[in-house]
Amino acid sequence: MTCIVGLVHDGKVYMGGDSAGVSEYNLTVRADEKVFINGEFLMGFTSSFRMGQLLRYRFKPPYHRPEVSDYEYLVTDFIDEVRNCLKQGGYARNDNGEERAGTFLIGYRGKLYTVECDYQVGIPDDNFAAVGCGDLIALGALYASEGVGPMKRVNQALEAAERFSAGVRGPFVIKSL
């Protein structure tokens with residue numbers, strides 16, 4: 001349960017996240033942030049705080065060979081290293097032979113990407129994306145706020161998700177790269 005919002009504006013990626021930790025009907029507002037910078041990457045996670053901790057503190061992004069496009073790098077070398085990190089950290093799981101993890105957003109070199117639980121890397125056709133239980137609410141707010149400044153758009157999307165989703169709570173953390 002969460003809401004992570006990403007937005008590209010003038011070649012810069014903005015990302016915001018809420019502070020909810022939800023288990024069944026229990027809610028804890030957490031101080032450990034769901035949005036962070038790791039090297040050249042702006043990242044925001046949903047699914048599990050453990051996954052986010054591993055991505056933030058254990059994951060070491062691999063070298064990006066100059067002859068490889070950003071997208072090819074992400075779907076190969078980057079994801080291979082994410083998988084290794086999550087396996088070694090005890091988070092990745094195997095469901096009937098299919099390896100699974102969690103969902104997160106990546107800002108890299110001025111572009112926004114989604115990583116789904118099966119490790120596929122997506123490129124949103126819009127200049128924004130959202131993940132978590134408040135994603136559709138946030139996407140609607142982002143769509144409707146075209147022309148507003150990027151920080152305000154991200155904040156408004158998170159506020160809308162908090163207003164209409166029981167699994168989203170402030171305070172909000174917004175970063176850019």
Side-chain angles (χ1 to χ4, degrees), residues 1-9 12-39 41-59 82 85-86 89-93 95 100-108 111-124 126-177:
M1 302 293 181
T2 199
C3 190
I4 304 296
V5 173
L7 169 70
V8 178
H9 181 82
K12 193 171 185 178
V13 179
Y14 297 81
M15 195 174 293
D18 74 323
S19 297
V22 179
S23 176
E24 296 183 17
Y25 292 111
N26 300 314
L27 169 73
T28 302
V29 175
R30 301 209 23 177
D32 40 335
E33 300 172 346
K34 298 177 189 177
V35 174
F36 55 89
I37 295 172
N38 180 341
F41 296 88
L42 178 58
M43 303 173 99
F45 67 90
T46 183
S47 308
S48 167
F49 277 90
R50 178 61 181 154
M51 181 188 73
Q53 292 162 353
L54 291 168
L55 290 173
R56 186 174 190 170
Y57 298 112
R58 166 101 27 112
F59 176 66
V82 166
C85 173
L86 297 181
Y91 179 70
R93 54 198 182 278
D95 296 333
R100 313 279 296 171
T103 306
F104 56 101
L105 295 181
I106 301 169
Y108 182 59
K111 294 184 179 148
L112 182 63
Y113 303 89
T114 61
V115 178
E116 301 295 335
C117 63
D118 64 354
Y119 299 106
Q120 67 170 290
V121 178
I123 304 171
D126 295 302
N127 65 342
F128 55 83
V131 293
C133 67
D135 63 347
L136 296 179
I137 300 161
L139 289 171
L142 288 166
Y143 180 80
S145 64
E146 186 69 37
V148 175
M151 294 291 279
K152 186 171 183 178
R153 281 181 82 189
V154 169
N155 194 65
Q156 285 178 336
L158 291 167
E159 286 176 343
E162 180 183 42
R163 173 78 172 128
F164 296 104
S165 173
V168 179
R169 284 295 176 281
F172 305 128
V173 173
I174 302 172
K175 297 186 183 285
S176 62
L177 185 66

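Counting from 1, the numbers follow the sequence of the chain as shown.
Shown here are the side-chain contact (heavy atoms from CB on, under 4.5 Å) partners of Val121, two or more places apart in sequence or in another chain: Tyr71, Leu74, Val75, Ile79, Tyr113, Val115. Remark: Arg93 pairs with Tyr91 by the side chain to side chain donor-acceptor pair (under 3.5 Å) rule, at least two apart or across chains. Every residue meeting the side chain to side chain donor-acceptor pair (under 3.5 Å) condition with Tyr119, not counting sequence neighbours, appears here in chain and number order: Glu99. Residues passing the side chain to side chain donor-acceptor pair (under 3.5 Å) test with Asp32, sequence neighbours excluded: Arg30.
Counting only residues at least two apart or on different chains, the salt bridge (charged side-chain N to carboxylate O under 4.0 Å, His left out) pairs with a member in residues 143-156 are Glu146-Arg153. For the salt bridge (charged side-chain N to carboxylate O under 4.0 Å, His left out) condition, no pair includes a residue of residues 111-124, sequence neighbours left out.
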Acceptor/donor pairs from residues 41-54 side chains to any protein atom, 3.5 angstrom cut, sequence neighbours excluded:
unit_1: Ser47; atom_1: OG; unit_2: Thr103; atom_2: N; d: 3.0
unit_1: Ser48; atom_1: OG; unit_2: Arg50; atom_2: N; d: 3.0
unit_1: Ser48; atom_1: OG; unit_2: Met51; atom_2: N; d: 3.4
unit_1: Arg50; atom_1: NH2; unit_2: Gly89; atom_2: O; d: 3.3

List, one per line, each side-chain donor-acceptor pair under 3.5 Å for residues 159-177, sequence neighbours excluded.
unit_1: Glu159; atom_1: OE2; unit_2: Asn155; atom_2: ND2; d: 3.0
unit_1: Glu162; atom_1: OE2; unit_2: Gly170; atom_2: N; d: 2.9
unit_1: Ser165; atom_1: OG; unit_2: Gly167; atom_2: N; d: 3.4

Distance-only check: which donor-acceptor pairs under 3.5 Å involve side-chain atoms of residues 130-141, not counting sequence neighbours?
none

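Once rounded to the nearest 0.5 Å, the distance linking CG of Leu112 with CD1 of Ile123 reads 10.0 Å. Note: Phe59 CZ to Asn38 CG = 6.5 Å, rounded to the nearest 0.5 Å. One finds the CZ atom of Arg56 at 13.0 Å from the NZ atom of Lys34 (value rounded to the nearest 0.5 Å).
Closest of all the heavy-atom pairs between Leu142 and Gly6 is CD1-O, 4.4 Å. Summarising the geometry of Ala20 relative to Leu27, their closest heavy-atom pair is CB-CD1, 3.6 Å, with the distance given to 0.1 Å. Heavy atoms only, all atoms of each residue included: Gly107 and Val13 are closest at CA-CG1, 3.8 Å. For the residue pair Leu86 and Ala101, the shortest heavy atom distance occurs at CD1-CB, 3.7 Å.
When side chains are defined from C-beta on, Asn127 does not count as touching His9, because their heavy atoms never get closer than 4.5 Å.
Judged by distance alone, the side chain of Asp18 and the main-chain N or O of Cys3 form a donor-acceptor pair under 3.5 Å.
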